[in-house]
Trainee: 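Quick one: structure below, then a few questions.
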Amino acid sequence: MRPFFDLLKKIIQTGVGKTRFLMAAVGLGIAMLLILIAIQAHTNFSQLLYSSKNQNETADFLVINKTITNAMMGQSAKSIFTPEEIDNIKKQPFVQAFGLVTSSQYKVVIQAPGDLHFATDMFFEAVPDSFLDVKNDDWKWTAGDRTIPIILPNDFLNLYNFGFSLSQDLPQISQETVKALPLQVSISNNVVSDQYMGHIVGFSDRISSFLVPASFMSWANGKYGMATATGTSRVIIKTPDPSNPALVKFLDDNGYTTNQDKLKFSKTRMIVQTIVSVVGFFGLILLFFALLVFSMFIQLVIASCKKEIQLLVILGTAPKQLQRYLLKQFVPLYIIIGILSLLLVAGLQYWAASELATHQMLVSSWPGIPVFVGILLVLWLVYIVNLATVRKYVNNI
Amino acid sequence: MQIQLNHLMPIPLQDKLRQRSSDIWNQDVTFKPGSFVKIKAPSGTGKTTLIHYLYHIRYDYTGKVQVNGQPWQAYSKNEIALIRQQELSIVFQDLRLFEQLSARENISLKRVMQPKAFYPPEKIDEMAARLNVTHILEQSGRTLSYGERQRIAIIRALVQPFQWLLMDEPFSHLDEENTQRAAALIADECKARNAGFILTDLDNDQHFNYDVHYHL
């Protein structure tokens, strides 16, 4: 084929509109670069979020409740989750584990012992043990125990120590002291009243509530509970990724609310995703126009050599040979452009990886597999479009 | 390779041709492989048209041109190209050389068109020497005289494998001596391949030992 193609080179001039062709080639290069950068940015971002190398474990616990609006005030039933709503939450893909927050259906009064003169009305809540961030051997209760282990919210002690005690001229209390305090807990309904010992076993950052073991809660609700069982107004979920925009949207759509601080990463993530998508989108648009110009260039080459190509066919040149010859004029350039943009992306990635590493954010210093898949796909698309164009116009001769 | 004509009739010449008898038009004709066929035709009786029908670059006819038992229309473009590379060669009346190629390149084009060349490149010089065109081989097709072009076109037709050679007034621009040389070369090349040819011309001639004569 070689000598024949050498002769074809003299007959079929591919020199017409060379500048336009080169500009389209530059456009193709930029398009490939943008697409590859978008793909790689996406890969990097997921690596930062999910890779085990980046230690910040993102799985998180969220306590979810309905937003209390003015219209709902005074109607506590409206803040209660119906069984359908609970099922709906459970089956969301981002919910890894789900637990109900059970509240007490009895009155609780806590008294500090001795001279502290401290007594307060209280309430208890319970969550399944797996949702707790306090691990303590004392965190158990079996029927008949007179001592109830209690977990307080960390915020509660802080509020007391730095807000209340200073203003009231009361002593500040350390966590250890609180844990050592024997509390008197009186549990009552309108009929009976019993005395228990309360023992603080830990402080939770995760759940802002006064927690008792679930076993005690169900026993006590059975024993002291008032006739009308109140429903669940708070649930707790474990989610692998609190920044998941789908989670935020789900909460918004249903009028649920949670600790907003934990969701703030979601906004950053959406902004990054939008930018990456826009870059990728422009890449695709540019690719489209590059393909268009290439097709028009091929058309121009074939049209300007129409008489020569006709004579070649008459003399016995197969359309297949012409197609192969024409593709051979263009395809190597595409492959070179592909390799160049791949090298550029590899360089950028290496630079980005070393920059990020200084901020303890680890990403691979090589482009990921999606980039290679992407470049192959783009080259394949360019080839297919060229082949189709060449075929169409050669066969029309 | 067998070439058969079944009631072949050019549509534009239909009315004119029905008024006279012809050995070819509207007849059933089979060209025997390997035979030297002369078709004598006065001007305007469709000589070039017939050659173009046989080579399948004109299609405005009724009836059939069958190649190896199948009408031309049954072949794909790629199959037709293969036949033109391997089985059927041609010398056009209007020669049809590429002006942007040199004489040698014009000939080479048909030598290297198929993946495996039939003749080595030296064969071109040998044939050019026999037809007295060695000195113009490197000249551009644009600068050649008609006689030179005709000889280049003949050589181009002979550097490929074929079973049939179609020739449309192949010696129209050659003097007697060069005609003899060209005819001898053509006859030798056909014999070497056991190939036949179909030659159309205006008059009777003694250039070849024809096996069959037809009047168009």
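Keep in mind that the numbers below use all heavy atoms, side chains included, and drop hydrogens, waters and symmetry copies.
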Trainee: Non-hydrogen atoms of chain A under 4.5 Å away: do they reach the side chain of B:Ser108, the backbone, both or neither?
Mentor: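 Both backbone and side chain of B:Ser108 come within 4.5 Å of chain A.
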Trainee: Would you indicate whether A:Ile369, at its atom CD1, is surrounded by more than 12 heavy atoms from other residues, nucleotides or ligands within a distance under 6.0 Å?
Mentor: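 For A:Ile369, atom CD1 is not crowded (no more than 12 foreign heavy atoms under 6.0 Å).
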Trainee: Can you list the residues that meet the ring pair (Phe, Tyr, Trp, His ring centres under 6.0 Å) rule with B:Tyr146, with sequence neighbours excluded?
Mentor: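 Applying ring pair (Phe, Tyr, Trp, His ring centres under 6.0 Å) to B:Tyr146 gives B:His173.
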Trainee: With side chain to side chain contact (heavy atoms under 4.5 Å, CB included) as the criterion, how do B:Leu109 and A:Thr317 come out once you've worked through the C-alpha distance, each side chain's angles and the decisive distance to 0.1 Å?
Mentor: CA-CA 10 Å; B:Leu109 189 70; A:Thr317 307; 5.9 Å; no
Trainee: How far apart are the closest heavy atoms of A:Ala318 and B:Ala81, and which atoms are they?
Mentor: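 Minimum heavy-atom contact is CA-CB, 3.3 Å.
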Trainee: With a cut-off of 6.0 Å (strictly less than), are more than 12 heavy atoms of other residues, nucleotides or ligands near OH of A:Tyr383?
Mentor: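 Incorrect, the count does not exceed 12.
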Trainee: For residues 274-310 of chain A, give me every residue with a non-hydrogen atom less than 4.5 Å from any non-hydrogen atom of chain B.
Mentor: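 Hits under 4.5 Å: A:Glu308.
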Trainee: Quick check on the structure: residues of residues 29-57 of chain B within a heavy-atom distance below 4.5 Å of chain A, by number.
Mentor: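 Within residues 29-57 of chain B, the residues under 4.5 Å from chain A are B:Tyr55, B:Ile57.
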Trainee: Checking B:Lys110 against chain A: side chain, backbone, both or neither under 4.5 Å from a heavy atom?
Mentor: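 Just the side chain, heavy atoms under 4.5 Å.
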Trainee: Check for a donor-acceptor pair, side chain of A:Gln321 on one end and backbone N or O of B:Met113 on the other, with a separation under 3.5 Å.
Mentor: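 Yes, the answer is positive, given that a donor and an acceptor are paired below the 3.5 Å cut-off.
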Trainee: Which residues in residues 91-104 of chain B have any heavy atom lying under 4.5 Å from a heavy atom of chain A?
Mentor: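 Under the 4.5 Å heavy-atom cut-off, B:Phe92, B:Arg96, B:Leu97, B:Phe98, B:Gln100, B:Leu101 qualify.
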Trainee: Checking side chain to side chain contact (heavy atoms under 4.5 Å, CB included) for the pair B:Ile90/A:Ile314: CA distance, chi angles, key distance, verdict?
Mentor: CA-CA 10 Å; B:Ile90 190 163; A:Ile314 285 175; 6.0 Å; no
Trainee: Chain A heavy atoms under 4.5 Å from B:Arg111: which part of the residue, side chain, backbone, both or neither?
Mentor: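 Contact with chain A is absent: no heavy atom of B:Arg111 under 4.5 Å.
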Trainee: Sub-3.5 Å donor-acceptor pair from the side chain of B:Lys77 to the main-chain atoms of A:Pro319, do we have one?
Mentor: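 No, B:Lys77 side chain to A:Pro319 backbone: no donor-acceptor pair under 3.5 Å.
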